[in-house]
A.B. asks: 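Here it is: the structure, laid out below.
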Amino acid sequence: MSADTPKKEALFSAKNRRLLFNPLNKENPITVQVLGICSALAVTVKLEPAVVMAISVTLVTAFSNLSISLLRNTIPPRIRIIVQLVVIAMLVILVDEVLKAFYYDVSKQLSVFVGLIITNCIIMGRLEAFAMGNKPWPSFLDGIGNGVGYGWILIVVGLFREFFGSGTIWNFPVMEKLGVYNFGYKDNGLMILPPMALILVGVIIWIQRARNRELIEENK
Amino acid sequence: MQELVNIFVKSIFIENMIFAYFLGMCSYLAVSKTVKTSMGLGIAVIFVLGITVPIDFLINKYLLSEGALAWISPSWAELDLSFLSFIMFIAVIASMVQLVEMVVEKFSPALYNSLGIFLPLIAVNCAILGGSLFMQEREYETLAEATVFGLGSGVGWLLAIVAIAAIREKIRYSQIPAPLRGLGITFIITGLMGIAFMAFMGIEL
């Protein structure tokens with residue numbers, strides 16, 4: 001909340017709530033804005049890396065939005081891209097070092113994709129579209145909203161791929177405990193392979209647009 | 001020489017940037033409406049990858065990795081600056097893109113007119129940073145290997161984007177369920193193409 005607002009706006013006014021919740025569905029970064037798909041798909045083989053990635057991206061988006069919004073009046077427009085990249089890169093380095101220190105296994109699984117948060121288009125996209133022209137608190141909420149909107153797609157895809165691909169949820173062997181292997185059930189190896197992530201996201205888009213018909217694209 | 005050819009073929013087909021790692025998906029989905037523009041972007045990606053990967057290789061080898069600073073004085077040999085690699089790589093990419101844009105504009109206006117609008121887009125294309133990070137992770141030994149890997153990844157990316165653009169040009173005439181139109185069907189087609197590309201996975205090089 002910046003102190004210079006003459007009339008103090010409520011911390012969670014209707015407008016701010018919209019910033020927080022719209023990206024979950026109607027303005028979802030992945031399925032509607034088509035941002036940040038690069039890293040979204042590769043980390044969803046299992047649930048755990050997907051959750052870690054979702055949290056990291058949410059934090060980086062929120063705090064980079066916040067810092068760029070604080071700096072927005074001092075950044076010369078010509079070099080704004082490089083300023084934004086430096087801020088993002090700094091936050092990503094922090095995330096990377098924390099992951100390496102506390103969750104080394106997950107950090108190894110994510111490999112280069114932690115570094116690739118830097119070029120995740122969600123972050124640059126939100127900085128350009130929102131944080132450069134808005135106050136810090138709404139920008140922060142917008143960052144959280146978009147991060148979570150990105151995260152829930154990751155988590156849904158990760159859940160399906162882990163459940164059908166390896167028969168586990170969060171490394172807990174559900175299928176084995178249910179005893180379905182005794183009836184000749186086999187894990188679907190195709191779910192673990194990269195192309196299935198794309199097809200699953202395609203199906204999510206299909207369901208979302210069938211329920212929300214205003215999102216359907218014109219046939220050009 | 002054999003080794004270099006292996007890396008080249010491997011980075012085009014087996015470890016294709018799009019189908020195996022989903023890198024550069026954003027511009028892949030956004031710019032693949034016609035074959036002509038996607039060709040332009042693809043060539044620009046090959047160009048930039050071919051320049052930035054070798055530069056980042058040199059930076060990584062002589063400045064950042066553990067013991068790399070030993071050439072200054074032996075007492076610096078213990079320094080490990082690899083945590084700075086993200087920020088160095090992205091700075092190199094952003095400035096190289098700017099530089100390439102200026103050089104092309106000055107010396108070849110015709111090329112600039114066809115590539116020009118795509119060059120700024122490339123600074124935030126994940127395929128470029130991904131190329132550098134994979135180069136670091138896989139520990140390529142020589143400059144030639146890194147260059148070949150960069151060029152090969154670029155060619156693989158071009159192949160993928162031109163293929164999807166050609167399919168999207170044709171698919172405009174088909175009856176697709178309304179909610180799948182545009183983005184949805186592109187995702188599913190990319191998935192199917194990925195399955196086709198997996199045929200290369202068994203090849204041992």
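As the structure is a computational prediction, the values presented were derived from the model and not from experiment. Here is how names work: the chains are called A, B, and so on, in the same order as the sequence lines, proteins then strands, and each is numbered from 1.
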A.B. asks: In terms of heavy-atom pairs under 4.5 Å, which option from Phe22(B), Phe197(B), Phe83(B) contacts chain A the most?
C.D. replies: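 Of Phe22(B), Phe197(B), Phe83(B), Phe22(B) has the most heavy-atom pairs under 4.5 Å with chain A.
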A.B. asks: Could you tell me the separation between the CG atom of Leu190(A) and the CE atom of Met198(B), rounded to the nearest 0.5 Å?
C.D. replies: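 The distance works out to 6.5 Å.
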A.B. asks: If we only count heavy atoms from C-beta on, is the Phe113(A) to Leu23(B) side-chain gap below 4.5 Å?
C.D. replies: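 When only atoms from C-beta onward are counted, Leu23(B) and Phe113(A) do touch, with a gap below 4.5 Å.
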A.B. asks: Please report the interatomic distance CD1(Ile118(A)) to CG(Leu133(B)), rounded to the nearest 0.5 Å.
C.D. replies: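 Nearest 0.5 Å value for the CD1-CG distance: 7.5 Å.
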A.B. asks: Contact between Ile199(A) and Leu192(B) at the side-chain level, heavy atoms closer than 4.5 Å - yes or no?
C.D. replies: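 Yes - at least one pair of side-chain heavy atoms lies under 4.5 Å apart.
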A.B. asks: Identify which part of Ile117(A) has an atom lying under 4.5 Å from any heavy atom of chain B, answering side chain, backbone, both or neither.
C.D. replies: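 For Ile117(A), there is no contact with chain B at all, as no heavy atom is under 4.5 Å.
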A.B. asks: Quick check on the interface: out of Val203(A), Val86(A), Asn212(A), Val201(A), who has the most heavy-atom pairs with chain B under 4.5 Å?
C.D. replies: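 Highest number of pairs under 4.5 Å: Val201(A).
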A.B. asks: Can you confirm whether more than 12 heavy atoms, excluding those of Tyr62(B), are under 6.0 Å from its OH atom?
C.D. replies: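 No, because the 6.0 Å sphere around OH of Tyr62(B) holds 12 heavy atoms or fewer from other groups.
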A.B. asks: Not counting sequence neighbours, which residues clear salt bridge (Lys or Arg N to Asp or Glu O under 4.0 Å) with Glu27(A)? List them please.
C.D. replies: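 Checked Glu27(A) against salt bridge (Lys or Arg N to Asp or Glu O under 4.0 Å); zero matches.
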A.B. asks: Around atom CD of Glu176(A), are there more than 12 heavy atoms of other residues, nucleotides or ligands at under 6.0 Å?
C.D. replies: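 It does not: Glu176(A) CD has 12 such atoms or fewer within range.
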A.B. asks: Does any backbone or side-chain atom of Ala178(B) lie under 4.5 Å from a heavy atom of chain A? Answer side chain, backbone, both or neither.
C.D. replies: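 Both parts, backbone and side chain.
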A.B. asks: Counting only non-hydrogen atoms closer than 4.5 Å, does Ile195(B) touch chain A with its backbone (N, CA, C, O), its side chain (CB onward), both, or neither?
C.D. replies: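 Its backbone and side chain both get close to chain A.
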A.B. asks: Taking every non-hydrogen pair under 4.5 Å, which of Leu116(A), Asp96(A), Val32(A), Ile207(A) racks up the most with chain B?
C.D. replies: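 It is Leu116(A).
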A.B. asks: Looking at Phe187(B) and Gly202(A), what are the two nearest heavy atoms and their distance?
C.D. replies: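 Looking at all heavy atoms of both residues, the closest pair is CB-CA, 3.9 Å.
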A.B. asks: Among Gly194(B), Gly184(B), Ala94(B), Gly191(B), which residue has the highest count of heavy-atom pairs closer than 4.5 Å to chain A?
C.D. replies: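 Result: the option with the highest number of such pairs is Gly191(B).
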A.B. asks: Counting neighbours of CZ on Phe200(B) that are heavy atoms of other residues, nucleotides or ligands and sit closer than 6.0 Å, is the number greater than 12?
C.D. replies: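 Enclosed: over 12 neighbouring heavy atoms sit under 6.0 Å from CZ of Phe200(B).
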A.B. asks: Closest heavy-atom contact between Gly115(A) and Leu129(B)?
C.D. replies: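 Heavy atoms of Gly115(A) and Leu129(B) come nearest at O-CD2, 3.7 Å.
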A.B. asks: If I take atom CG from residue Leu198(A) and atom OG1 from residue Thr190(B), how far apart are they, to the nearest 0.5 angstrom?
C.D. replies: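 Reported value, rounded in 0.5 Å steps: 6.0 Å.
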A.B. asks: For residues 51-64 of chain A, give me every residue with a non-hydrogen atom less than 4.5 Å from any non-hydrogen atom of chain B.
C.D. replies: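 Result: none.
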A.B. asks: How far apart are the closest heavy atoms of Met90(A) and Ile87(B), and which atoms are they?
C.D. replies: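 Nearest pair, atom of Met90(A) first, then Ile87(B): N-CD1, 4.4 Å.
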A.B. asks: Out of curiosity, Ile90(B) CD1 to Leu85(A) CG, how far, rounded to the nearest 0.5 Å?
C.D. replies: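 CG of Leu85(A) is found 5.0 Å from CD1 of Ile90(B).
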A.B. asks: Compare every heavy atom of Arg181(B) with every heavy atom of Arg209(A), then report the nearest pair and how far apart it is.
C.D. replies: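 Closest pair (atom of Arg209(A), atom of Arg181(B), distance): NH1-O, 3.7 Å.
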